[in-house]
Amino acid sequence: MTVKELSETPGFKAICLPDPERRIEGGYCGDLLSWVMGRAKASQAWVTIMSNMNIAAVATLCDTAVIVLSEGVQPDSGVAETADSRGINLISTDMPTFEAAAAISKLI
Amino acid sequence: MNESIRFTFNVDGSNFTTAGQASVQVKKNLRELGIPPEAIRRVSIAMYEGEINMVIHAHGGTAEVIVYEDKIVIVLSDRGPGIPNVELAMKEGYSTAPDNIRSLGFGAGMGLPNMKRYTDDMKIDTEIGVGTTITMTVNF
């Protein structure tokens with residue numbers, strides 16, 4: 001599925017979608033950025049509660065398809081703008097990380 | 001490509017939120033040069049970890065990336081406090097990062113191990129009170 005399709009799924013909400021047609025191929029959950037960076041793969045949906053500016057760099061370097069902020073977490077000030085300018089898709093959901101990952105897994 | 005291409009960056013040690021700019025730029029530059037994607041991923045992740053380390057521990061430094069015909073060499077230099085025990089620092093999970101850094105998702109003790117994992121060769125030259133230079137090579 002595409003990132004846009006995920007953003008239109010009930011329970012998920014787009015924060016910024018500079019690359020809406022990007023396809024999601026798998027997913028990764030994690031909040032320790034070094035751990036994520038060592039393991040997340042390109043084109044995955046990355047589900048995290050980390051909301052600081054460094055997630056934009058990690059997503060860029062890992063080339064993930066989308067960052068999904070779970071548990072109702074909102075991005076810190078300036079993160080959405082930076083993500084948008086770097087072509088990083090950002091989606092939020094109130095679902096806990098486990099439920100968000102399970103939902104994405106069913107959809108892709 | 002017979003001659004090497006060199007990129008040099010200053011890593012600003014004062015702003016943690018902008019850390020990673022050099023790595024992101026290197027990724028872009030390497031893409032433009034047509035370097036294989038997996039090599040780009042390895043270089044940019046190893047370099048980002050190094051950048052973060054320089055910001056956390058050494059108030060910044062310099063990063064140099066040299067692109068050869070079949071390999072990329074990354075040289076990260078700082079004038080920080082040096083690493084007292086390299087063997088310990090290389091252990092996954094060992095970290096001396098402060099709590100405020102941990103709350104941002106770093107300081108998990110994965111930096112140096114990730115740098116080693118993602119490169120074909122890594123050499124650490126460090127001297128207490130003088131600084132640290134890490135040289136990493138990625139073959140492709």
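If you're wondering where the values come from, they're calculated on a predicted model, not measured in any experiment. Below, read A as the first sequence line, B as the second, and so on, with proteins coming before strands; counting in each chain starts at 1.
- Counting heavy atoms from C-beta outward, B:Val24 and A:Arg86 have side chains that approach closer than 4.5 Å.
- At least one side-chain heavy atom of B:Lys27 sits under 4.5 Å from a side-chain heavy atom of A:Asp63.
- Taking CD from B:Glu92 and OG from A:Ser34, the interatomic distance works out to 10.5 Å, rounded to the nearest 0.5 Å.
- Rounded to the nearest 0.5 angstrom, A:Thr60 OG1 and B:Tyr48 OH are separated by 9.0 Å.
- Between the side chain of A:Asn54 and the main chain of B:Gly20, no donor-acceptor pair closer than 3.5 Å is present.
- Interatomic distance, B:Asn114 CG to A:Arg39 CZ, rounded to the nearest 0.5 Å: 7.0 Å.
- Here B:Leu104 contributes atom CG and A:Met50 contributes atom CE; the two are 7.0 Å apart, rounded to the nearest 0.5 Å.
- At a threshold of 4.5 Å between non-hydrogen side-chain atoms, the residues B:Arg41 and A:Met37 do not count as touching.
- No chain of hydrophobic side-chain contacts below 4.5 Å, direct or via other Ile, Leu, Val, Met, Phe, Trp or Tyr residues, connects A:Leu17 to A:Val73.
- Summarising the local packing, CZ of B:Arg31 is surrounded by 12 or fewer heavy atoms from other residues, nucleotides or ligands at distances under 6.0 Å.
- In this structure, the portion of A:Ala42 lying under 4.5 Å from any heavy atom of chain B is its backbone and not its side chain.
- In the hydrophobic cluster analysis, where Ile, Leu, Val, Met, Phe, Trp and Tyr join through side-chain heavy atoms closer than 4.5 angstrom, A:Leu61 is grouped together with A:Ile55.
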